Asker: 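Let me give you the structure first, and then I'll get to my questions.
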Amino acid sequence: MKEGIKVDRYSRQIRFRPIGESGQQQLAEKHILIVGAGALGSSTAEMMVRSGIGKITIIDRDYVEESNLQRQQLFSEEDVEMKWPKAAAAEKRLKEINGWVDIDSIVGEADSMMLQNLVAGVDLIIDGTDNFETRFIINDIAFKNDIPWIYGGCVGSYGMSFVMIPGKTPCLQCLLRKVPTQNQTCETAGVIAPIVQMVAAHQAAEALKILTGNTEDISLGYRTFDLWRGQYMNIKTDTMHNEHCATCGVDASYPFLQKENQTKTTVLCGRSTVQVRPHEKKTISLQELALQAKKAGITVSGNPYLLSFELDDQRMVIFHDGRALVHGTSDEALAKKLYQSILG
Amino acid sequence: MKEGIKVDRYSRQIRFRPIGESGQQQLAEKHILIVGAGALGSSTAEMMVRSGIGKITIIDRDYVEESNLQRQQLFSEEDVEMKWPKAAAAEKRLKEINGWVDIDSIVGEADSMMLQNLVAGVDLIIDGTDNFETRFIINDIAFKNDIPWIYGGCVGSYGMSFVMIPGKTPCLQCLLRKVPTQNQTCETAGVIAPIVQMVAAHQAAEALKILTGNTEDISLGYRTFDLWRGQYMNIKTDTMHNEHCATCGVDASYPFLQKENQTKTTVLCGRSTVQVRPHEKKTISLQELALQAKKAGITVSGNPYLLSFELDDQRMVIFHDGRALVHGTSDEALAKKLYQSILG
Amino acid sequence: MEIKVLLFAHLQEEAGQAELIVDLDGSSVQDLLQQLGAVFEFSGLSQAMVAVNEEFADDATILNSGDVVALLPPVSGG
Amino acid sequence: MEIKVLLFAHLQEEAGQAELIVDLDGSSVQDLLQQLGAVFEFSGLSQAMVAVNEEFADDATILNSGDVVALLPPVSGG
């Protein structure tokens with residue numbers, strides 16, 4: 001990170017009266033956590049870094065693939081060729097954009113333990129995930145630690161954004177009651193780049209309000225829109241607060257911080273990919289593993305963050321924390337078997 | 001430009017039903033012109049390139065400055081250090097993002113002659129300019145050549161987008177009647193990055209509809225919004241068509257294609273900068289000019305596209321086409337004098 | 001009584017239209033959802049969030065003639 | 001008669017509020033603009049685009065009680 005503060009750089013933002021010199025100064029002292037460096041995480045991270053935020057922590061478990069390039073704005077073809085992890089590729093580009101921001105990228109799984117460790121000193125969490133399981137963990141962490149967070153989601157040309165502030169707004173549980181099971185849209189609807197930018201614009205605007213102390217201006221509605229069909233709604237959420245909510249109610253039990261550690265395999269939506277996670281955190285010597293595999297006649301390639309194994313009908317990518325992505329199947333048992341066939 | 005077509009790359013966009021395989025194919029055969037590589041031009045160009053457009057022509061007269069980085073997403077700190085022209089810097093980053101797209105960048109002034117030359121074979125024009133003078137030229141060119149174009153504008157946290165289709169919608173003249181004179185907002189209101197993305201998202205979504213033949217889905221309203229104040233409107237424009245309009249009426253005279261060439265100096269809004277343009281197009285030997293200046297004791301620096309002269313209270317940047325930007329003044333006469341003091 | 005229903009995301013594709021006017025047989029949001037489910041082959045209708053006149057509502061919410069109901073599926077993409 | 005006026009961009013800052021209820025003395029958009037101009041120190045009010053009930057209108061448009069008028073300054077930034 002470079003040192004000092006450059007003022008001309010932010011002159012257009014300082015001239016925006018609700019921010020001004022004092023808002024710019026506040027922004028430079030703030031630390032946000034972005035969970036997920038996919039489409040929304042990428043776009044919100046870039047806006048916040050350009051805006052002069054003090055520090056960003058960004059976490060993602062995945063690496064850059066060809067099909068990401070259509071909408072994930074921090075990444076280039078080179079990142080795909082190098083199979084660069086998204087968090088690391090994001091950090092690389094963000095530093096080219098603004099060397100004055102402190103950027104902490106983490107290649108790993110945003111589980112409850114990890115997130116609990118990351119939120120110390122964080123002023124705001126921005127949702128860049130692609131699944132509800134992680135969002136419910138974020139929701140518990142945010143309300144338990146009294147940190148505002150901003151939900152965003154999109155599919156097809158349809159998206160939404162909602163700001164949650166502990167003690168002030170309902171939480172994601174109040175709104176959805178239960179974790180939505182995946183429906184067909186995720187597998188079949190695809191997504192276009194403009195809706196990503198639209199959702200990210202809403203998230204980033206609310207982030208700027210929160211971080212510059214413009215609390216009166218925060219949008220308390222659930223905003224949802226469809227850019228293809230020209231729909232736009234701002235829905236009041238006042239009536240949704242549930243005083244017995246397990247996350248934000250009087251006797252909050254934070255359910256997603258308890259059971260989450262048990263999940264070991266997860267089918268990633270719409271991608272014919274299973275993620276496998278070890279029982280406990282471990283650190284793997286990728287170099288040794290690559291040697292072993294080569295001896296066994298398995299085609300393997302990689303970089304300092306991961307190894308990619310070409311198996312019969314699947315491809316498996318193993319990260320140094322022992323996590324793996326098995327591509328070419330939605331069969332969790334098969335994925336686990338393949339994983340164990342390599343890692344024992 | 002690389003060759004062939006990669007399909008997995010666009011899989012998420014192809015799965016979006018209104019586009020599909022056939023829309024993707026159509027997109028790959030389309031050519032768009034983006035006028036201006038500032039905030040909106042940068043963002044729309046990136047989305048269209050990621051989406052797999054066949055060809056982009058992008059024109060901009062300016063070079064990358066520190067205060068652009070807060071919201072102009074194709075540019076990095078290195079581009080500022082190198083004083084890289086925006087169009088050239090945009091091309092560089094766009095090629096890293098998608099080497100399969102044909103990108104034609106032009107460092108120059110989007111005047112009527114230039115634009116008339118550029119629109120041959122163009123399917124759509126996207127507005128990325130920062131002034132109404134150029135927008136009225138685009139409007140004339142678009143309606144004269146039967147090419148749709150998409151207006152976008154933003155300041156502060158407020159922005160708008162409007163699609164114009166010759167023979168179907170009113171034009172910019174019908175809507176505004178006359179070129180708005182600058183008001184105070186441009187100098188004082190600043191701009192935040194999220195509103196740029198919001199306007200660009202609307203422009204790019206409409207561009208995708210137009211270019212993939214989804215004409216029924218095109219939004220015919222004038223959409224305007226304020227992300228800070230949470231306002232969103234979609235205004236019908238049916239009644240605005242003026243059948244005697246000089247641009248789109250029965251006896252169109254395309255007024256901005258006639259008088260435009262006379263402008264020689266322009267004060268650039270909110271920047272204490274005057275642009276000076278020569279009577280006629282010329283090509284300047286920057287190398288010779290630099291030598292002359294050094295002999296005269298003037299501090300000069302540059303790159304293959306431009307030279308920057310440190311004068312007493314102003315800084316002047318001269319491009320190889322003879323155009324100059326005089327920074328540190330809004331006095332057109334002074335700017336012209338300084339220009340002539342260097343170029344005779 | 002007549003209720004206007006706005007459909008978002010895949011519900012719109014499945015119904016083949018963005019807006020419906022429903023002559024409601026019953027009085028609650030639940031009645032409306034049952035009636036819609038019987039006519040259209042919606043996927044995941046039970047998971048959609050329901051807003052009545054731009055305010056979130058639950059199944060028991062009583063509707064009045066002229067109300068505008070929006071059905072909003074939550075989505076996980078990001 | 002009462003007209004609701006929505007102010008966008010700098011007009012909102014200049015009026016210190018986003019919405020006004022105006023007891024209109026007259027009947028046209030032009031009457032409304034004159035009345036507003038006399039009360040507030042707006043800059044560039046004459047250049048603002050005017051929409052009545054989400055449809056563009058000109059100075060001669062006749063207003064009715066309960067109409068919602070939006071005043072939208074064009075902006076050049078980009």
Side-chain angles (χ1 to χ4, degrees), chain A residues 6 8-19 43 46-47 50-52 66-67 69-73 75-78 93 96-99 156-157 187-198 200-205 208-209 214 217 219 221 223 225 227-230 232 234 270, chain B residues 6 8-19 43 46-47 50-52 66-67 69-73 75-78 93 96-99 156-157 187-198 200-205 208-209 214 217 219 221 223 225 227-230 232 234 270:
Chain A
K6 305 196 95 180
D8 190 49
R9 174 168 194 145
Y10 306 115
S11 58
R12 297 308 180 274
Q13 190 165 281
I14 289 169
R15 286 184 205 174
F16 178 63
R17 209 161 305 165
I19 293 182
S43 178
E46 179 161 347
M47 274 187 271
R50 289 196 183 275
S51 298
E66 196 189 3
S67 66
L69 292 178
Q70 165 249 345
R71 68 198 179 285
Q72 301 189 10
Q73 82 186 45
F75 310 133
S76 66
E77 289 180 343
E78 191 188 49
R93 176 67 183 160
E96 287 170 6
I97 289 168
N98 193 342
S157 55
E187 294 232 27
T188 60
V191 61
I192 57 171
I195 191 64
V196 171
Q197 298 304 330
M198 176 101 168
H202 280 79
Q203 290 181 296
L208 288 175
K209 294 176 192 177
N214 283 284
D217 294 324
S219 167
R223 301 219 173 228
F225 23 81
L227 267 177
W228 205 269
R229 290 138 182 154
Y232 191 97
N234 177 19
Chain B
K6 305 196 96 182
D8 189 51
R9 173 169 196 146
Y10 306 115
S11 58
R12 298 307 181 275
Q13 190 165 282
I14 289 169
R15 286 185 204 175
F16 178 63
R17 209 162 303 165
I19 293 183
S43 179
E46 178 161 347
M47 275 187 271
R50 289 194 182 275
S51 299
E66 196 188 4
S67 65
L69 293 178
Q70 165 249 345
R71 68 197 178 287
Q72 301 189 9
Q73 80 187 46
F75 310 133
S76 65
E77 289 179 344
E78 192 188 49
R93 176 66 184 160
E96 289 169 4
I97 289 169
N98 194 344
S157 55
E187 295 233 26
T188 61
V191 61
I192 57 172
I195 192 63
V196 171
Q197 298 304 330
M198 176 101 166
H202 280 79
Q203 290 180 296
L208 287 175
K209 295 176 191 176
N214 283 284
D217 294 324
S219 168
R223 301 218 172 228
F225 23 81
L227 267 176
W228 205 270
R229 290 137 181 154
Y232 191 96
N234 177 21

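What you see below is based on every heavy atom in this structure, not just the backbone, and it leaves out hydrogens, waters and symmetry mates. Labels below follow one simple rule: chain letters A, B, ... track the order of the sequence lines, proteins then strands, and each chain is numbered from 1. Keep in mind the model is a prediction, meaning the values are calculated, not measured.
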Asker: Below 4.5 Å from any heavy atom of chain A, which atoms of B/Ile195 appear? Answer side chain, backbone, both or neither.
Answerer: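 When you check distances to chain A, no heavy atom of B/Ile195 falls under 4.5 Å.
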
Asker: Side chain, backbone, both or neither: which part of B/Asn98 has a non-hydrogen atom closer than 4.5 Å to chain A?
Answerer: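 It is both, since atoms from each part get that close.
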
Asker: With a 4.5 Å cut-off on heavy-atom pairs, point out which of B/Glu78, B/Gln13, B/Arg229 contacts chain A the most.
Answerer: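 Most heavy-atom pairs within the cutoff with chain A belong to B/Gln13.
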
Asker: Only one of A/Gln70, A/Gln197, A/Gln73, A/Arg71 passes side-chain contact (heavy atoms from CB on, under 4.5 Å) with B/Met47; say which it is.
Answerer: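 By the side-chain contact (heavy atoms from CB on, under 4.5 Å) criterion, B/Met47 pairs with just one of A/Gln70, A/Gln197, A/Gln73, A/Arg71: A/Gln197.
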
Asker: Can you give me the closest heavy-atom contact between B/Ala201 and A/Leu227, atom names plus distance?
Answerer: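 Where B/Ala201 meets A/Leu227 most closely, the heavy atoms are O-CD1, 3.9 Å.
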
Asker: Please evaluate residues B/Leu208 and A/Trp228 with respect to the criterion side-chain contact (heavy atoms from CB on, under 4.5 Å), reporting the C-alpha separation (whole Å), side-chain torsions for both, the decisive distance (0.1 Å), and the verdict.
Answerer: CA-CA 9 Å; B/Leu208 287 175; A/Trp228 205 269; 4.0 Å; yes

Asker: Main chain of A/Leu69, side chain of B/Arg50: is a donor-acceptor contact present, judged purely on distance under 3.5 Å?
Answerer: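 Yes; at least one donor-acceptor contact below 3.5 Å.
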
Asker: So do the side chains of B/Met198 and A/Met198 get within less than 4.5 Å of each other, counting heavy atoms only?
Answerer: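 In short, these two side chains touch, coming nearer than 4.5 Å.
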
Asker: Heavy-atom distances under 4.5 Å only: say whether A/Glu46 touches chain B with side chain, backbone, both or neither.
Answerer: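 Contact with chain B involves the side chain of A/Glu46 alone.
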
Asker: Is it the side chain or the backbone of B/Ser157 that comes within 4.5 Å of chain A heavy atoms, both, or neither?
Answerer: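 It is both, since atoms from each part get that close.
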
Asker: Under the side-chain hydrogen bond (donor to acceptor under 3.5 Å, both in side chains) rule, collect the residues that match up with B/Gln203, sequence neighbours excluded.
Answerer: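 With neighbours one apart ignored, the set is empty.
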
Asker: So how far is it from B/Lys209 NZ to A/Ile192 CD1, rounded to the nearest 0.5 Å?
Answerer: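 Nearest 0.5 Å value for the NZ-CD1 distance: 8.0 Å.
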
Asker: Could you walk me through whether A/Glu66 and B/Ser11 pass the side-chain contact (heavy atoms from CB on, under 4.5 Å) check?
Answerer: CA-CA 9 Å; A/Glu66 196 189 3; B/Ser11 58; over 6 Å; no

Asker: Ion pair present between A/Arg9 and B/Glu77, side-chain N to carboxylate O less than 4.0 angstrom?
Answerer: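 Salt bridge flag = yes for B/Glu77 with A/Arg9.
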
Asker: By ring pair (Phe, Tyr, Trp, His ring centres under 6.0 Å), which residues pair with A/Phe225, not counting sequence neighbours?
Answerer: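 In terms of ring pair (Phe, Tyr, Trp, His ring centres under 6.0 Å), with neighbours along the sequence ignored, A/Phe225 is linked to A/His202, A/Tyr232.
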
Asker: Drop me the distance from B/Ile97's CD1 to A/Gln72's CD, to the nearest 0.5 angstrom.
Answerer: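 The CD atom of A/Gln72 is 12.5 Å from CD1 of B/Ile97, to the nearest 0.5 Å.
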
